[in-house]
Trainee: 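Starting off with a structure, shown below.
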Protein chains: 2
Amino acid sequence: MGKSRSNSPADQPSLAERIRHEMDAFTPSEKRAAHLLLSHYPFAGLDTVAEFAARAGISAPSVLRFVTRLGFGGFPDFQKHLREELEAQLLSPLAKASPSDKGQGAPALSSFADAVIGNLRATVENIAPAEFDAVVTLLSDSRRHIHFTGGRFTGALARYAESHFRIVRSHVDYIEGQSALWRDRMIEIGRRDVIVAFDIRRYQEDVIALCETAAKQGATVVLLTDPWLSPIARVARHVLPAHVVAPSNWDSSAGLLLLTEAVVAAVTKRLWETAKPRMEAVERLRNEKA
Amino acid sequence: MGKSRSNSPADQPSLAERIRHEMDAFTPSEKRAAHLLLSHYPFAGLDTVAEFAARAGISAPSVLRFVTRLGFGGFPDFQKHLREELEAQLLSPLAKASPSDKGQGAPALSSFADAVIGNLRATVENIAPAEFDAVVTLLSDSRRHIHFTGGRFTGALARYAESHFRIVRSHVDYIEGQSALWRDRMIEIGRRDVIVAFDIRRYQEDVIALCETAAKQGATVVLLTDPWLSPIARVARHVLPAHVVAPSNWDSSAGLLLLTEAVVAAVTKRLWETAKPRMEAVERLRNEKA
DNA sequence: CCGATTCTGAAATTTCTGATACAGCTTTCG
DNA sequence: CGAAAGCTGTATCAGAAATTTCAGAATCGG
């Protein structure tokens, strides 16, 4: 997204402040525009030039001159700045919502935690209940065969999911995403199979290929991804996006883990009748070995 | 029902809720549009159709069909509704006080998320800052060799940590906890080695044994565990406990993941001078292969 | 009070955006 | 397996919105 001008979202002084400060340098009609904008900040500026002009009681060109004087390349530029400022402002209270900065606590850890918690909240907000339920139902169908897979980092999450599912029900396995080995196994993938794929940016070619192949053969694909959606979404029946941005050089997978654990919990509950004896049996076997 | 323009600003249910609710009635591209909008609500919808379409990875007409299906007369209508909703929400501070619209967001998911968030808070509270910093310092020492390990479920977290550390620095590997294979490798474990072990209840015999053996040979052990502390704590130099209780038959590993990611972030930052070129090199190699 | 400068708005112009028609493709259903 | 239905993107168009032009109005200085 190439922004044309110098309207960086990091301008410390909000545009409103700047306008107040430069108010006396404005011409009369510019003042009227400024007053309107400030009195309904920033929504008045999100309408069209014509509407803004009418509401301010001035002409369209005057509005244009006004935003030009503020240093914007044009009206769209101006609106974009307002939107970005608004978005930043709306998201920030969430970041500083928790006053957990008691001075103590590794600051790195505590701020990181705040960001992660924000991610979890946002993730839950954006999940469609029907989608979540559909996934739970799908994975509770004991006639289906379930295969988990993931990329470089998300592969670990796939393993995590698999290790739980394996205990709750049968016909569960993990497919190595990176190697070319999965191609052989594809011959057995069909209509009754479910692929649960984890994939966040940068999306991984081999995982995408795996899912496309599986989908082509009639398998049902469930995707856990970031809000920008892996290309796998094209072939996926169900998509569960999670927010991943954290104050780090890496993305955070906490949201994906949350979804995974919630699904595991729900499926376990739904299959409890059969899962309980199964889990006891697993436990017995483990103890014998030890 | 006639598709009138019933977009009065007083529609009780926010548009976001309605979209979440009707999600499964959407076509694939409509879902992509919906996901984009929900993940950046409502700002994504304030751009132009073209930009929205590009960001969602679909065509402009699909976006138009999406907003039409939502019952709007056109895209400007849709935008107007978003602006009004936003303005109303911003003016009533009460509206956004509790973002957990429990109206019916998958109840299982949302209550589960609340529990997990509580765990994260509690985890951060109970971490000794000095301990956290000491772990970061230890793992930033490039002369050390780092080995990750874990149990049945936590092994996935160890792999997750390993996959990140492997890129940031050298001398990193993963030791399979369950198998007896690690006994052979113990001969190479000594004073310069660090074992990072993940272990929560029920604590796993073989992982415990691994750590005890390694400690006996002079290795430094870092333990990530639950608040009841794995027996490994006795031989561990540093212990980072995380809360794990969730409304499920299983424990939640989200706290452990949080700690892991926070450590990864901190180490990456501290080693940035050497990590950056290393990461670029890794990236180059990956691209060549592809 | 007059001329110069600045400001302002109506109208013309240009750019760009939203909307539509249509054809190819996929999926579904018999 | 084939036909029907539905979905999606390309190309295109109409129209609206932003921008520029320019002439008239207001203001200011002398």
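Order of the sequence lines sets the chain letters (A, B, ...), proteins ahead of strands, with each chain counted from 1.
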Trainee: With side chains defined as the heavy atoms from C-beta onward, is the minimum distance between A:W228 and A:V244 less than 4.5 Å?
Mentor: yes

Trainee: Side-chain donor-acceptor pair under 3.5 Å between A:D173 and A:H145, yes or no?
Mentor: no

Trainee: Identify whether the distance between the nearest side-chain nitrogen and carboxylate oxygen of A:R121 and A:E125 falls below 4.0 Å.
Mentor: no

Trainee: So B:A60, base contact, sugar-phosphate only, or nothing? Heavy-atom distance under 4.0 Å.
Mentor: nothing

Trainee: Is any side-chain heavy atom of A:F43 closer than 4.5 Å to a side-chain heavy atom of B:L86?
Mentor: yes

Trainee: For nucleotides 7-10 of chain C, which of its nitrogen or oxygen atoms have a protein nitrogen or oxygen under 3.5 Å away, and what is each distance?
Mentor:
residue	atom	partner	partner atom	Å
C:dT8	OP1	A:S29	N	2.8
C:dT8	OP1	A:S29	OG	2.5
C:dT8	OP2	A:T27	OG1	2.6
C:dT8	OP2	A:S29	OG	2.7
C:dT8	O5'	A:S29	OG	2.8
C:dG9	OP2	A:S59	N	3.3
C:dG9	OP2	A:S59	OG	3.2
C:dG9	OP2	A:S62	OG	2.9
C:dG9	N7	A:R65	NH2	3.1

Trainee: Could you check how far CG of B:L64 sits from P of C:dA19, rounded to whole Å?
Mentor: 5 Å

Trainee: Just checking, is any N or O donor in the side chain of B:E17 or B:H21 under 3.5 Å from an acceptor N or O on the other one?
Mentor: no

Trainee: Check the side chains of A:D193 and A:H147 for a donor-acceptor pair under 3.5 angstrom, ignoring hydrogens and angles.
Mentor: yes

Trainee: What do you reckon, is CZ of A:R202 surrounded by more than 12 foreign heavy atoms closer than 6.0 Å?
Mentor: no

Trainee: Could you list where the contact with chain B starts and ends along DNA chain D, reading 5' to 3', using a 4.0 Å heavy-atom cut-off?
Mentor: D:dC7 to D:dT10

Trainee: Can you measure B:Q79 atom CD to C:dA19 atom C1' for me and round it to whole angstrom units?
Mentor: 14 Å

Trainee: Could you check whether B:Y160 and B:E261, counting side-chain N and O atoms only, form a donor-acceptor pair closer than 3.5 Å?
Mentor: yes

Trainee: Ring-plane angle category for B:H164 and A:W250, please: parallel below 30°, perpendicular beyond 60°, tilted otherwise.
Mentor: perpendicular

Trainee: Are a donor atom and an acceptor atom from the side chains of A:T27 and A:R69 found within less than 3.5 Å of each other?
Mentor: no

Trainee: Provide, to the nearest angstrom, the distance between the CD atom belonging to B:E51 and the P atom belonging to C:dG18.
Mentor: 11 Å

Trainee: N/O contacts under 3.5 Å, protein versus nucleotides 26-30 of chain C?
Mentor:
none

